[in-house]
Amino acid sequence: MRSLLPLLMAALVAVTAFPDGADAVWTPIANPPGTLLVKQVGNFTVIVYSNAAPRRHRPLQLVTVVRGETQPVGNGVTDYRLVLAVNNTDTGSTAMYQCVVRGKPGSRATTWVLRSFALYTQAA
Ligand SMILES: *[C@@H]1O[C@H](CO)[C@@H](O)[C@H](O)[C@H]1NC(C)=O
Ligand SMILES: *[C@@H]1O[C@H](CO)[C@@H](O)[C@H](O)[C@H]1NC(C)=O
């Protein structure tokens, strides 16, 4: 057991050094709240997440896209990483979430995919 410890520590350091993967290069979106596509993508993610759990609809509604970044993944497909202000329409409280969505702007043929959606806890 004792001999495993240095290996575990090395693995932890590696994970900390590359939190998003070494190849992640994100470009900030200039004006997320004023960009129709970004609002639509944000709205899409909240709707998908609200209905993600069977028999347990989450009463969430997009208030605004606070911030966003993009990363091309090839073939015109783009990852959108957005910070969203989301209203819980049951309680009226607003919380920040970060999501990653992959899709192809302007294409109806390519399905948009919600890759992650989680409470955003870092300082704004
Ligand atoms: C999200 O979509 C709903 C329904 O289409 C719309 O009423 C709302 O204004 C949209 N929200 C934003 C922030 O664009
Ligand atoms: C949140 O939802 C409630 C219920 O629909 C609404 O009364 C309230 O104005 C919303 N708040 C925001 C910040 O959109």
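Because the structure is a prediction, the values reported are computed rather than measured. Just follow the structure's listing: the first ligand is 1, and inside any ligand the first atom is 1.
Less than 4.0 angstrom separates atom 7 (O) of ligand 2 from none of the non-hydrogen atoms of the protein. By the definition of a contact as any protein heavy atom under 4.0 Å away, atom 2 (O) of ligand 1 is in contact.
Scanning all heavy atoms of the two residues, the minimum distance from G76 to P105 falls at O-CD, 3.7 Å. Taking each heavy atom of A52 and R58 in turn, the nearest pair found is CB-NH1, 4.0 Å. P32 approaches I29 most closely through the heavy-atom pair CD-O, 3.6 Å.
Heavy-atom separations between L62 and ligand 1 include at least one value shorter than 4.0 Å.
Below 3.5 Å of separation, one finds an N or O of N87 facing an N or O of ligand 2.
No more than 12 heavy atoms of other residues, nucleotides or ligands shown are found within 6.0 angstrom of CG on N75.
Aromatic ring orientation, W112 versus Y80: tilted (interplanar angle from 30° to 60°).
Remark: minimum distance from atom 4 (C) of ligand 2 to any protein heavy atom is reached at T89 O, 3.5 Å. Closest protein heavy atom to atom 12 (C) of ligand 1: N43 ND2, 3.8 Å.
Applying the 4.0 Å criterion to heavy atoms of V63 picks out, from ligand 1, the atoms 13 (C).
For the pair T91 (side chain) and S93 (backbone), a donor-acceptor distance under 3.5 Å is present.
Of all the heavy atoms of T64, none lies under 4.0 Å from any atom of ligand 1, so neither backbone nor side chain is involved.
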